[in-house]
Amino acid sequence: MSKQFKRTTVTSALPYANGPVHIGHLAGVYVPADIYVRYLRLKKEDVLFVGGSDEHGVPVTIRAKKEGCTPQDVVDRYHNLIKKSFEEFGISFDVYSRTTSNVHHRFAADFFRKLYDDGKLKEITEEQFCDEVTGEFLTDRNIVGECPRCHAQGAYGDQCEKCGATLSPEELINPTNKNNPGHGLVKRPTKNWYLPLGDYQEWLKQWILDGHKEWRTNVYGQCKSWLDMDLQPRAMTRDLDWGIPVPVEGADGKVLYVWFDAPIGYISNTKELCDKNPDRWGRWQQWWQDDDTRLIHFIGKDNIVFHCLIFPVMMKAHGEYIMPDNVPANEFLNLENDKISTSRNWAVWLNEYLVDFPGKQDVLRYVLTANAPETRDNNFTWSDFQARNNNELVAVYGNFVNRALQLTKKYYNGLVPGCGELTDYDKETLKAFADVKGELEKLLDNFKFREAQKEAMNLARIGNKYLADCEPWKIIKTDAARVETILHIALQLVANLSIAFEPFLPFSSERLRRMLKMESFEWNQLGRTDLLAMGHQLAEPELLFEKIEDNAIQAQLDRLEAIKKANEEANYVANPIKPIIGFEDFEKLDIRVGTVLECQRVPKMKKLLQFKIADGLQNRTIVSGIAEHYTPEELVGKQVLFIANLAPRTFKNGLVSDGMILSAENYDGKLAVTSLLREVKPGSEVK
């Protein structure tokens with residue numbers, strides 16, 4: 001039998017404060033965490049939801065250098081933006097603080113010092129990469145190269161963004177300094193303090209592999225692959241000037257490694273909350289050190305190693321902390337079949353979504369949960385976003401609610417009618433949602449949020465079908481008593497939906513309860529058929545959801561297309577130079593200037609234009625495949641370069657091309673006809 005806990009501490013991965021939050025973060029971490037916490041609160045369980053900004057990562061220093069400002073400027077701006085976006089989106093943290101707070105600095109330093117004083121850290125002098133010009137030691141994130149796993153260029157020294165592999169700088173192929181690509185890398189000795197993970201390997205095997213077989217297969221599998229190898233010591237300090245100074249003599253110019261510092265932020269943020277409001281939250285220690293507390297980490301798959309191996313070893317070495325009971329990590333969410341990337345701006349940013357789709361927080365929450373990458377990578381597309389809104393939220397859930405409320409308003413002035421004798425179909429409908437509480441609990445308790453939301457939507461489908469089958473608008477004139485029963489049952493189901501969807505769609509659930517004038521809603525009420533008493537007055541009905549039109553979706557697709565083109569242009573690298581040839585080979589080509597006298601499209605050949613060229617000797621016909629890049633009118637009268645001594649080419653339609661017009665192909669595949677800076681006589685030779 002699983003242990004019964006008195007309280008639950010829920011953490012969600014701290015986002016880097018070097019940019020906004022995007023839908024990959026939401027789908028992977030914050031939406032599932034919020035669903036779970038809202039569910040526990042509905043059950044009246046004691047739960048604490050901890051979040052905060054990770055402000056000491058190297059990505060922050062990279063952003064600051066790029067923008068010409070200080071790291072503090074960067075984290076202040078993005079911490080406030082992220083926090084505001086989370087609040088507007090309904091991620092219901094009990095505390096959202098930051099790792100630059102004084103409370104966190106002291107707490108993290110004290111945590112490190114205890115490990116140091118207890119002899120749990122190893123002082124190791126090791127050669128590390130540094131810039132041979134500046135002498136600056138380079139962190140993993142400042143080193144880029146070719147990934148040894150998938151061979152993508154631009155992989156970081158700690159991780160490949162393309163395949164998600166965890167790396168070390170030594171594994172990269174042709175590593176370079178990210179900020180100074182022209183500078184070479186050399187290795188020089190430096191002293192740092194390491195956490196000896198290998199000393200805890202057997203304990204980790206017993207705790208995870210033997211004790212937590214119920215963890216998701218992707219989490220358990222990744223942990224097992226690491227634990228099947230010999231774990232190596234991991235540096236807990238870095239040679240860097242942005243971060244928490246290492247609280248040890250002789251550690252000048254060194255800070256705590258961000259992956260040591262950041263997870264401690266969960267604890268320091270809890271302390272900050274509890275110290276401010278002890279009457280509500282008690283002592284922080286009960287949330288992190290009491291065996292009666294259940295600890296759950298919500299993270300993405302790129303953080304599994306840190307939250308399942310490194311952070312637990314830190315807490316085990318400290319000796320006073322509980323271990324996570326579960327780490328329901330999600331896989332990655334792609335965007336329009338391409339990996340989400342902050343550096344490429346290939347993302348849907350939460351702060352921009354909130355502006356572009358005001359009042360539609362629940363639509364994004366619904367779609368991200370429906371496509372949640374719980375066990376494998378999944379994909380977000382704007383067409384699916386629109387379809388799920390229009391075909392499910394509007395056409396199923398919203399349609400059922402609106403029908404039930406509008407008919408009640410029309411026939412009974414918004415008063416809940418009484419329930420008469422039940423038909424077999426009524427009983428069948430009532431039975432269909434009587435067990436929904438148990439089904440949802442089973443799924444939510446096992447972190448199967450995608451299936452749980454689907455189960456809640458099935459309730460709406462049942463209601464929609466019930467009204468469609470019973471057709472109260474048709475029988476109102478012949479059997480008014482029957483209509484009372486139909487609408488009574490429909491309204492009870494609507495009330496149930498306002499509870500069932502509360503963890504998933506909090507904004508629309510609140511609006512629905514206002515329409516129903518439901519003052520009380522608790523999880524234990526779910527499945528009941530007496531949530532709205534006969535004669536209860538409902539408020540004015542309003543649409544719960546609205547259709548999203550094609551133009552709104554097209555605007556998002558156009559934005560992504562512009563980003564893709566900008567990335568292609570920014571990353572353009574010319575093709576390698578072809579093999580060297582002798583000058584005599586070049587002299588064989590007779591390249592001349594011609595004036596376009598006539599130009600027309602070739603019938604039934606959409607890529608071809610037919611030219612009449614003045615070449616200084618006699619006019620010639622040249623056929624060129626540039627019809628998708630120019631109109632004939634653009635080219636008439638222009639001077640172009642052409643190869644005059646190519647053998648004539650005959651096309652299927654009998655046209656003969658006597659030469660080749662020279663064009664340059666741009667990075668995006670567009671062709672540009674070569675031209676001259678000043679006009680010359682037709683037939684002039686290119687020298």
Side-chain angles (χ1 to χ4, degrees), residues 2-3 5 8-14 27-29 32-33 36 54 120 140 147-150 156 158-161 163-168 171 194-236 257-260 262-264 266-267 288 293-319 321-333 372-378 445-449:
S2 60
K3 179 178 177 179
F5 295 93
T8 304
T9 302
V10 175
T11 75
S12 60
L14 307 185
V29 178
Y36 188 66
D54 179 0
K120 299 297 177 66
D140 297 347
C147 174
R149 312 282 204 280
C150 70
Y156 292 110
D158 60 353
Q159 188 177 66
C160 174
E161 281 197 338
C163 70
T166 300
L167 303 171
S168 67
E171 294 178 272
Y194 288 69
L195 187 65
L197 297 178
D199 292 357
Y200 300 85
Q201 186 152 351
E202 290 307 313
W203 169 75
L204 285 168
K205 286 181 178 179
Q206 183 179 10
W207 171 56
I208 298 175
L209 302 186
D210 296 339
H212 284 291
K213 295 181 184 294
E214 80 281 5
W215 284 7
R216 285 182 176 171
T217 54
N218 57 322
V219 179
Y220 188 89
Q222 191 175 139
C223 290
K224 187 177 187 307
S225 67
W226 276 78
L227 292 172
D228 285 344
M229 303 182 293
D230 290 333
L231 296 180
Q232 300 302 309
R234 189 90 179 202
M236 295 292 104
Y257 177 35
V258 66
W259 276 110
F260 181 91
I264 294 174
Y266 301 139
I267 312 171
W288 286 94
T293 298
R294 188 185 192 205
L295 175 60
I296 309 291
H297 294 311
F298 282 88
I299 58 170
K301 71 175 178 182
D302 51 336
N303 289 344
I304 290 174
V305 171
F306 300 103
H307 283 76
C308 296
L309 301 182
I310 297 174
F311 188 36
V313 167
M314 288 165 52
M315 296 196 291
K316 180 72 171 176
H318 188 286
Y321 289 91
I322 58 175
M323 294 298 122
D325 187 62
N326 210 314
V327 187
N330 276 354
E331 299 292 289
F332 289 148
L333 183 73
E374 291 179 350
T375 55
R376 59 180 176 81
D377 290 356
N378 217 332
D445 286 340
N446 287 284
F447 310 105
K448 295 181 178 180
F449 306 114

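In this chain, numbering begins with 1 at the start of the sequence shown. Small disclaimer: the values here were computed from a predicted structure and weren't measured.
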Compare all side-chain heavy atoms of Phe260 with those of Leu195 and state whether any distance is below 4.5 angstrom.
-> no
Is the closest side-chain heavy-atom distance between Tyr156 and Asp140 below 4.5 Å?
-> no
Is the CD atom of Glu214 crowded by more than 12 outside heavy atoms at less than 6.0 Å?
-> yes
Would you call Leu295 and Thr11 a side-chain contact if the rule is heavy atoms closer than 4.5 Å?
-> yes
Close side-chain approach of Thr166 to Trp226, heavy-atom, < 4.5 Å | yes
With a cut-off of 3.5 Å and sequence neighbours excluded, list every side-chain donor-acceptor pair involving residues 301-317.
{"unit_1": "Lys301", "atom_1": "NZ", "unit_2": "Glu331", "atom_2": "OE1", "d": "3.2"}
{"unit_1": "Lys301", "atom_1": "NZ", "unit_2": "Asp377", "atom_2": "OD1", "d": "3.3"}
{"unit_1": "His307", "atom_1": "ND1", "unit_2": "Asn303", "atom_2": "O", "d": "3.2"}
{"unit_1": "His307", "atom_1": "NE2", "unit_2": "Tyr266", "atom_2": "OH", "d": "2.8"}

Rounded distance [0.5 Å steps], CG in Leu204 versus NZ in Lys224 | 14.0 Å
Can you find a heavy atom in the side chain of Asp210 that is under 4.5 Å from one in the side chain of Lys205?
-> no
Heavy atoms from other residues, nucleotides or ligands near NZ of Lys448 exceed 12 (cutoff 6.0 Å) | no
Over all atoms of both residues, closest heavy-atom pair of Leu333 and Ala27 | CD2-CB, 3.8 Å
With distance as the sole test, does Tyr220 use its side chain to make a donor-acceptor pair with the main-chain N or O of Leu209 at under 3.5 Å?
-> yes
Any donor-acceptor pair under 3.5 Å linking the side chain of Arg149 with the backbone of Cys160?
-> no
Heavy-atom side-chain proximity of Thr293 to Trp288 below 4.5 angstrom = no
Closest approach of Leu14 to Ala262 (non-hydrogen atoms, all atoms of both residues) = CD1-O, 3.2 Å
Fit a plane to each ring of Phe449 and Tyr36, take the angle between them on a 0 to 90° scale, and name the class: parallel (under 30°), tilted (30 to 60°) or perpendicular (over 60°).
-> perpendicular
Heavy-atom side-chain proximity of Asn330 to Glu374 below 4.5 angstrom | yes
Under 3.5 Å, side chain of Gln232 to main-chain N/O of Leu197, donor-acceptor pair present?
-> no
Ring pair (Phe, Tyr, Trp, His ring centres under 6.0 Å) involving Trp207 - partner list, sequence neighbours excluded | Trp203, His212, Trp215
Is the closest side-chain heavy-atom distance between Tyr257 and Arg234 below 4.5 Å?
-> yes
Looking only at non-hydrogen atoms, find the nearest pair between Tyr194 and Ala235 and report the distance.
-> CD2-N, 3.3 Å
